[in-house]
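Worksheet: the structure to be examined is printed underneath.
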Number of protein chains: 2
Amino acid sequence: MKQSTLHQTEPCRRISEILSRIGDKWSLLVIRQLGNGPLRFSEIKRSLGSISQKMLTATLRGLERDGFVSRTVFPTVPPRVDYALTPLGCDLLVPVRQLGDWAMANAERIERSRRRFDAAHGGEKSAAA
Amino acid sequence: MKQSTLHQTEPCRRISEILSRIGDKWSLLVIRQLGNGPLRFSEIKRSLGSISQKMLTATLRGLERDGFVSRTVFPTVPPRVDYALTPLGCDLLVPVRQLGDWAMANAERIERSRRRFDAAHGGEKSAAA
DNA sequence: CGGGATCCTACGGGATACTG
DNA sequence: CAGTATCCCGTAGGATCCCG
């Protein structure tokens, strides 16, 4: 293990930041929905169902801030706002999908490990409860 | 947009879960450190520096639960516990590194977009403050 | 319709003290 | 040395009301 090992902390921060960014409760879902093409605020909201309008607003703001989605306002009488993936946003989808594929492929193994762990540890500790 | 669009919500949940799992503050850092080989509790702690022992314990427990790291206890007088990446954990590193590469490659673009956004929006809104 | 402001709760996560 | 338990705070995130 060379010095570069410790030095790697910096790149890792970057990764963490990205992961935290899209790893929150809604960002990924929104990005994926927008992957099918531009959508209006309420269309996104309806497609996700359970999201609150506050969180959708916040999520979209964050994604817009990072340059992943673009926001287009139509100054019509009933306000209309379209959200769409930017090139950077589309680009992001590539590695994200890689991770997604991995997740899909290994989800079962993870869940099995999880159940095994819970059974083993939960069983011997909270047995008195 | 076909029905499959809505149906995709399920795989996305999986991805979100994985992302949330490793997207927390410490999991990725720990996984990366263990990528260099097995480490003891305090070695990990020291290598990360700022992590509290509570969070390190919690993080390791979570990773162990999901089957990403293995925990080996040596019943010696001064307790010694080794943590190592499981094959699944190593495997996870592949797509994670893909995302990491992307993050590294695009970090500057994101940060620029972020600054631009902050300058534009923060400037016109909090001007009164 | 889009979204800002406010209130409130749950949880992540840090500091500290104690145990085996 | 490794780990648990407790306290405490900040933020994520939901519900609701209000405004253009």
Side-chain angles (χ1 to χ4, degrees), chain A residues 13 16-17 19-30 33-34 38-66 69-84 117 121-122 124-126 128-129, chain B residues 13 16-17 19-30 33-34 38-65 69-84 117 121-122 124-129:
Chain A
R13 299 274 182 202
S16 281
E17 198 182 344
L19 251 45
S20 297
R21 176 87 285 273
I22 62 177
D24 69 11
K25 196 169 183 181
W26 301 109
S27 294
L28 228 208
L29 289 300
V30 171
Q33 285 300 327
L34 291 180
L39 289 174
R40 307 180 48 171
F41 185 88
S42 39
E43 287 175 331
I44 303 175
K45 181 151 169 38
R46 240 170 308 142
S47 74
L48 298 184
S50 49
I51 191 173
S52 66
Q53 124 309 356
K54 171 190 172 180
M55 283 318 298
L56 182 52
T57 300
T59 299
L60 287 168
R61 279 289 186 282
L63 294 176
E64 185 195 359
R65 190 171 102 101
D66 285 357
V69 313
S70 64
R71 190 181 122 105
T72 312
V73 183
F74 298 87
T76 55
V77 178
R80 176 196 174 110
V81 182
D82 273 30
Y83 292 92
F117 184 93
H121 294 250
E124 65 184 46
K125 290 198 69 173
S126 53
Chain B
R13 298 274 181 201
S16 282
E17 199 182 343
L19 252 46
S20 298
R21 178 85 283 274
I22 62 176
D24 69 10
K25 195 169 183 180
W26 302 108
S27 293
L28 229 207
L29 289 299
V30 171
Q33 285 300 328
L34 291 180
L39 289 174
R40 306 181 49 170
F41 185 88
S42 40
E43 287 175 333
I44 303 176
K45 181 153 170 39
R46 238 169 310 145
S47 75
L48 298 183
S50 51
I51 191 173
S52 66
Q53 114 309 7
K54 169 189 171 180
M55 283 317 297
L56 181 52
T57 300
T59 300
L60 287 168
R61 280 289 187 282
L63 295 176
E64 185 194 359
R65 191 172 102 100
V69 313
S70 65
R71 187 181 124 104
T72 311
V73 182
F74 298 87
T76 54
V77 178
R80 175 198 173 108
V81 182
D82 272 32
Y83 292 91
F117 184 93
H121 294 251
E124 66 183 45
K125 290 198 69 176
S126 54

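So you know, we letter chains A, B, ... as the sequences are listed, proteins then strands, and number each from 1.
- A distance of 12.0 Å separates CD in B:Glu43 from CG in B:Leu48, rounded to the nearest 0.5 Å.
- Along DNA chain D, the nucleotide nearest B:Arg46 and the nucleotide nearest B:Thr57 are compared for position; the residue whose nucleotide lies closer to the 5' end is B:Arg46.
- Between A:Asp82 atom CG and C:dC1 atom P the separation is 14 Å, expressed in whole Å.
- Contacts of A:Arg46 classified as side-chain hydrogen bond (donor to acceptor under 3.5 Å, both in side chains), with partners at least two apart in sequence or in another chain: none.
- Taken to the nearest 0.5 Å, the CG atom of B:Leu60 stands 5.0 Å off from the CD1 atom of B:Ile44.
- The CD atom of A:Glu43 sits 11 Å away from the P atom of C:dC1 (whole-angstrom rounding).
- Regarding B:Leu60, its CG atom lies at a distance of 14 Å from the C1' atom of D:dC1, rounded to whole Å.
- Computed from coordinates, the A:Leu56 CG to C:dG4 C1' distance equals 14 Å when rounded to whole Å.
- Regarding contacts with the backbone of D:dA2, a side-chain N or O of B:Arg40 is found under 4.0 angstrom from either OP1 or OP2.
- Rounded to an integer number of Å, the gap from CD of A:Glu64 to P of C:dG2 is 15 Å.
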Along nucleotides 8-19 of chain D, 5' to 3', which nucleotides get a B, which get an S, and which get a -, given that the test is a protein heavy-atom distance under 4.0 Å?
-----BBBB---

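- Rounding to whole angstrom units, CD1 of residue B:Ile44 and C1' of D:dC1 are separated by 13 Å.
- Evaluation of the side-chain hydrogen bond (donor to acceptor under 3.5 Å, both in side chains) rule for B:Ser27 yields B:Asp24 as partners, not counting sequence neighbours.
- Contact of the B:Trp26 side chain with the B:Leu56 side chain is not registered, since no non-hydrogen atoms from C-beta on lie closer than 4.5 Å.
- B:Tyr83 comes within 4.0 angstrom of sugar-phosphate atoms only, judged by non-hydrogen atoms across all strands, and of no base.
- Rounded to the nearest 0.5 Å, atoms CZ (B:Arg21) and OG1 (B:Thr59) are 7.5 Å apart.
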